Amino acid sequence: MGLLFVEVLPRHGDGGPAAAVLKCRRCRVDAASADAIISRDFRGRFGRAYLFDHVVNISLGPNEDRYLMTGLHTVKDIYCSCCQQILGWRYEKAYEETEKYKEGKFILEKARMWKEAR
């Protein structure tokens, strides 16, 4: 087992007020900036979920085809790199043309996150 590299998100955005950070609920490692949420209109296995372009401190599972509310997608589960808690998934492929915008983006489930206001 090697040394674990953990990325810490910046405490301040562009000189303005500090941005809130979403962290793994289990081990409190940074996952994403609340300012980076693209959409809050998603549902996960455990309720509300958020769509992001970029998240940190995660590892990816294998490709898996899933029927979600919007149709068939190929996704990879994402896990906390520290405690291996499942946090959500990444869209690898969308089969519906109207869903292609999700490809390469991440879903973080609100129930698996802890929000730290900085």
Side-chain angles (χ1 to χ4, degrees):
M1 186 157 174
L3 185 63
L4 183 63
F5 175 78
V6 175
E7 185 174 342
V8 177
L9 293 170
R11 294 203 173 269
H12 295 280
D14 53 356
V21 173
L22 296 175
K23 296 174 171 260
C24 172
R25 185 176 288 278
R26 183 184 285 171
C27 70
R28 303 290 200 255
V29 71
D30 291 3
S33 170
D35 291 345
I37 295 173
I38 295 171
S39 176
R40 299 173 192 274
D41 298 330
F42 282 81
R43 301 283 302 171
R45 294 180 191 99
F46 306 103
R48 290 183 61 190
Y50 305 131
L51 183 69
F52 290 87
D53 264 331
H54 179 72
V55 297
V56 297
N57 302 320
I58 56 128
S59 58
L60 296 168
N63 279 351
E64 181 181 327
D65 285 336
R66 280 196 203 142
Y67 284 98
L68 302 172
M69 293 176 73
T70 55
L72 180 64
H73 297 274
T74 300
V75 299
K76 286 184 177 182
D77 283 333
I78 57 175
Y79 301 88
C80 174
S81 62
C82 290
C83 69
Q84 299 305 307
Q85 168 75 32
I86 189 166
L87 301 178
W89 64 87
R90 182 173 82 179
Y91 289 101
E92 297 298 317
K93 180 173 177 149
Y95 294 95
E96 299 288 331
E97 195 61 38
T98 58
E99 302 299 312
K100 294 279 188 193
Y101 74 95
K102 295 177 184 175
E103 290 179 353
K105 293 187 173 53
F106 299 87
I107 291 290
L108 290 178
E109 300 204 41
K110 183 179 179 187
R112 301 294 176 126
M113 296 287 104
W114 182 72
K115 186 175 181 180
E116 178 185 87
R118 290 190 170 170

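For clarity, every value in this text was computed on a predicted model and none was experimentally measured. Excluded from the calculations below are hydrogen atoms, water molecules and symmetry mates; all remaining heavy atoms, backbone and side chain alike, are included.
How far SG of C80 is from CZ of R25: 13.0 Å, rounded to the nearest 0.5 Å. The line from CE of M113 to CG of L108 is 5.0 Å long, rounded to the nearest 0.5 Å. Rounded to the nearest 0.5 angstrom, E7 CD and I58 CD1 are separated by 11.0 Å. Taking CD of E109 as the start and CD1 of I78 as the end, the distance is 9.0 Å to the nearest 0.5 Å. Taking OG from S81 and CG from L87, the interatomic distance works out to 9.0 Å, rounded to the nearest 0.5 Å.
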Please report, to 0.1 Å, the donor-acceptor pairs under 3.5 Å made by any side chain of residues 88-97, with sequence neighbours excluded.
from: R90; atom 1: NE; to: E92; atom 2: OE2; distance (Å): 2.4
from: R90; atom 1: NH2; to: E92; atom 2: OE1; distance (Å): 3.4
from: R90; atom 1: NH2; to: E92; atom 2: OE2; distance (Å): 2.7
from: Y95; atom 1: OH; to: T74; atom 2: OG1; distance (Å): 2.9

Donor-acceptor contacts, no H, no angles, side chain residues 43-53, under 3.5 Å, sequence neighbours left out:
from: R45; atom 1: NH2; to: D77; atom 2: OD1; distance (Å): 2.9

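Within a 6.0 Å radius of NZ in K100, other residues, nucleotides and ligands contribute more than 12 heavy atoms.
Shown here are the side-chain contact (heavy atoms from CB on, under 4.5 Å) partners of S59, two or more places apart in sequence or in another chain: Y79, Q84.
Linking Ile, Leu, Val, Met, Phe, Trp and Tyr residues whenever their side-chain heavy atoms come within less than 4.5 Å places V21 and V56 in a single cluster. Linking Ile, Leu, Val, Met, Phe, Trp and Tyr residues whenever their side-chain heavy atoms come within less than 4.5 Å leaves L72 and F42 in two separate clusters. Note: the hydrophobic cluster containing F106 does not contain Y101 (ILVMFWY, side chain heavy atoms under 4.5 Å, direct or indirect links).
The shortest heavy-atom contact between V29 and C82 is CG2-SG, 3.9 Å. Minimum interatomic distance between A32 and L9 (heavy atoms only, all atoms of both residues): C-CD1, 3.4 Å.
With N57 contributing its side chain and A31 its backbone, the two residues share no donor-acceptor pair below 3.5 Å.
L68 is not listed as a side-chain neighbour of E99, based on a closest heavy-atom distance of 4.5 Å or more.
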